[in-house]
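Below: the structure, in structure tokens.
Just the heavy atoms: all of them, side chains too, but no hydrogens, waters or symmetry mates, feed the values below. Quick caveat: nothing in here was measured; it's all calculated off a predicted structure. Nothing fancy with the numbering, it's 1 onward along the sequence.
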Amino acid sequence: MTIAGQYHFRVTIDNQTMSFAKLSNMERSMEYEVLQEGGNNLAPRLLPLPQKQIKTLRLERGVRESGGTVINLYPGRTIKNGISVSLLDAAGNTIADYTITGVTVVKWELGGLDAQSSNVLLETFEMTYTGIKQDS
């Protein structure tokens with residue numbers, strides 16, 4: 001059994017692989033209502049409900065110098081083909097693939113500017129999404 005390392009992943013947006021330092025808030029969940037079924041006192045039943053909460057994906061990367069192709073991820077942009085996330089082992093082989101669907105960029109943020117700091121300047125993208133499927 002191969003266990004995924006914490007920091008080995010590849011993100012593809014619009015058929016272009018992009019580098020990110022951090023990806024967070026990737027989750028699948030279901031909203032439900034708990035019902036007590038009459039005559040069945042052993043266990044409650046779960047009634048699936050339509051999704052009410054917006055799920056937000058967060059991507060962070062270092063600001064890079066100009067050069068190469070850059071995908072413009074601005075608030076309001078819809079990613080029509082979704083986002084592909086591949087988990088990789090230490091050799092760079094794919095362990096698992098996920099496709100995030102219904103993606104819209106809702107926020108772009110640039111880290112604090114400090115001329116006396118040696119920290120990497122980060123830009124952060126927040127995107128809403130409607131679903132995640134694991135590809136085989």
Side-chain angles (χ1 to χ4, degrees):
M1 172 187 229
T2 304
I3 298 175
Q6 285 288 327
Y7 303 105
H8 294 84
F9 63 94
R10 178 177 49 236
V11 177
T12 305
I13 301 174
D14 287 343
N15 297 319
Q16 182 177 346
T17 300
M18 301 180 73
S19 297
F20 288 96
K22 187 175 179 181
L23 184 150
S24 57
N25 297 345
M26 209 170 114
E27 68 168 298
R28 289 190 284 193
S29 62
M30 175 184 91
E31 295 191 29
Y32 58 91
E33 181 179 345
V34 178
L35 298 175
Q36 189 66 39
E37 183 179 6
N40 183 0
N41 298 324
L42 299 177
R45 301 289 179 196
L46 298 180
L47 176 65
L49 298 174
Q51 181 176 318
K52 295 177 188 171
Q53 299 293 322
I54 295 174
K55 296 177 182 173
T56 304
L57 183 68
R58 194 172 164 89
L59 298 160
E60 295 179 18
R61 69 176 178 184
V63 174
R64 50 185 241 161
E65 295 180 20
S66 62
T69 306
V70 177
I71 293 178
N72 195 1
L73 298 174
Y74 53 87
R77 176 166 182 215
T78 300
I79 312 297
K80 293 180 183 168
N81 296 325
I83 295 175
S84 173
V85 178
S86 300
L87 300 181
L88 309 172
D89 64 14
N93 300 315
T94 301
I95 298 172
D97 285 312
Y98 299 91
T99 300
I100 304 168
T101 57
V103 180
T104 302
V105 180
V106 293
K107 183 177 180 181
W108 170 83
E109 180 181 350
L110 187 63
L113 300 174
D114 183 355
Q116 297 179 347
S117 174
S118 62
N119 293 336
V120 173
L121 179 60
L122 294 177
E123 63 180 337
T124 303
F125 302 93
E126 287 187 8
M127 305 174 187
T128 61
Y129 65 96
T130 57
I132 296 176
K133 69 175 187 168
Q134 185 169 359
D135 303 324
S136 301

Checklist entry - Is the side chain of Asp14 donor-acceptor paired with the backbone N or O of Gln16 at a distance under 3.5 Å, no angle test? => result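 Judged by distance alone, no pair lies under 3.5 Å.
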Item to check | Ser84 backbone acceptor or donor facing Thr99 side chain under 3.5 Å | outcome: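 No, Thr99 side chain to Ser84 backbone: no donor-acceptor pair under 3.5 Å.
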Checklist entry - Between Leu110 and Trp108, what is the shortest heavy-atom contact and its length? => result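 Distance-wise, the nearest heavy atoms are CB-CH2, 3.8 Å.
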Next on the checklist: Ignoring hydrogens, what is the shortest heavy-atom contact between Tyr129 and Val103? Give both atom names and the distance.
Outcome noted: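 Here Tyr129 and Val103 meet closest at CB-CG2, 4.2 Å.
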Checklist entry - Tracing side-chain links under 4.5 Å among I, L, V, M, F, W and Y, which residues wind up in one group with Tyr32? => result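 In the cluster with Tyr32 are Met30, Val34, Leu46.
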Checklist entry - Which hydrophobic side chains are connected to Leu122, either touching it within the sub-4.5 Å cutoff or through other members that do? => result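 Direct or chained contacts put Leu122 with Val120.
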Rounded to the nearest 0.5 Å, how far apart are [atom1] of [X] and [atom2] of [Y]?
X      : Y      : atom1 : atom2 : answer
Asn93  : Ser86  : CG    : OG    : 11.5 Å
Phe9   : Phe20  : CZ    : CZ    : 8.5 Å
Ser19  : Leu59  : OG    : CG    : 12.0 Å
Ile79  : Thr101 : CD1   : OG1   : 12.5 Å
Gln134 : Arg28  : CD    : CZ    : 6.0 Å
Ile95  : Asp89  : CD1   : CG    : 5.0 Å

Item to check | Salt-bridge contact Arg10-Asp97 (side-chain N to carboxylate O under 4.0 Å) | outcome: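 Judged by the 4.0 Å cut-off on N to carboxylate O distance, Arg10 and Asp97 do not form a salt bridge.
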side-chain hydrogen bond (donor to acceptor under 3.5 Å, both in side chains) against [X], all qualifying residues, sequence neighbours excluded:
X      : result
Ser117 : Asn119
Asn81  : none
Glu126 : Arg58

Might you confirm whether atom [atom1] of [X] has over 12 heavy atoms from other residues, nucleotides or ligands at distances under 6.0 Å?
X      : atom1 : result
Gln53  : CD    : no
Leu49  : CG    : yes
Asp114 : CG    : yes

Checklist entry - Would Glu123 and Arg61 count as a salt bridge (Lys or Arg N to Asp or Glu O under 4.0 Å) if you check the C-alpha gap in whole Å, the side-chain angles of each, and the deciding distance to 0.1 Å? => result CA-CA 6 Å; Glu123 63 180 337; Arg61 69 176 178 184; 2.9 Å; yes
Item to check | Sequence-distant partners of Ala90, side-chain contact (heavy atoms from CB on, under 4.5 Å), two or more places apart | outcome: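 Per chain and number, Ala90 pairs via side-chain contact (heavy atoms from CB on, under 4.5 Å) with no residue.
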Checklist entry - Does one side chain, of Thr56 or Asn25, offer a donor that lies under 3.5 Å from an acceptor on the other? => result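 No pair is found: no donor N or O on one side chain lies under 3.5 Å from an acceptor on the other.
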Checklist entry - Any side-chain heavy atom of Tyr98 sitting closer than 4.5 Å to one from Met26? => result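 Yes, their side chains come closer than 4.5 Å.
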Checklist entry - Leu87 versus Thr94: any side-chain heavy-atom pair under 4.5 Å? => result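 Not touching, per the 4.5 Å side-chain cut-off.
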Item to check | Positive for side chain to side chain contact (heavy atoms under 4.5 Å, CB included) with Met127, one of Ile83, Thr104, Ile100 | outcome: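 Of the listed residues Ile83, Thr104, Ile100, the side chain to side chain contact (heavy atoms under 4.5 Å, CB included) partner of Met127 is Ile83.
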Item to check | Intermediate values then yes/no, side-chain contact (heavy atoms from CB on, under 4.5 Å), Met18 and Leu73 | outcome: CA-CA 11 Å; Met18 301 180 73; Leu73 298 174; 4.2 Å; yes
Next on the checklist: If you apply the rule side-chain contact (heavy atoms from CB on, under 4.5 Å), what do you find for Thr17 with Val11, and how did you get there?
Outcome noted: CA-CA 6 Å; Thr17 300; Val11 177; over 6 Å; no
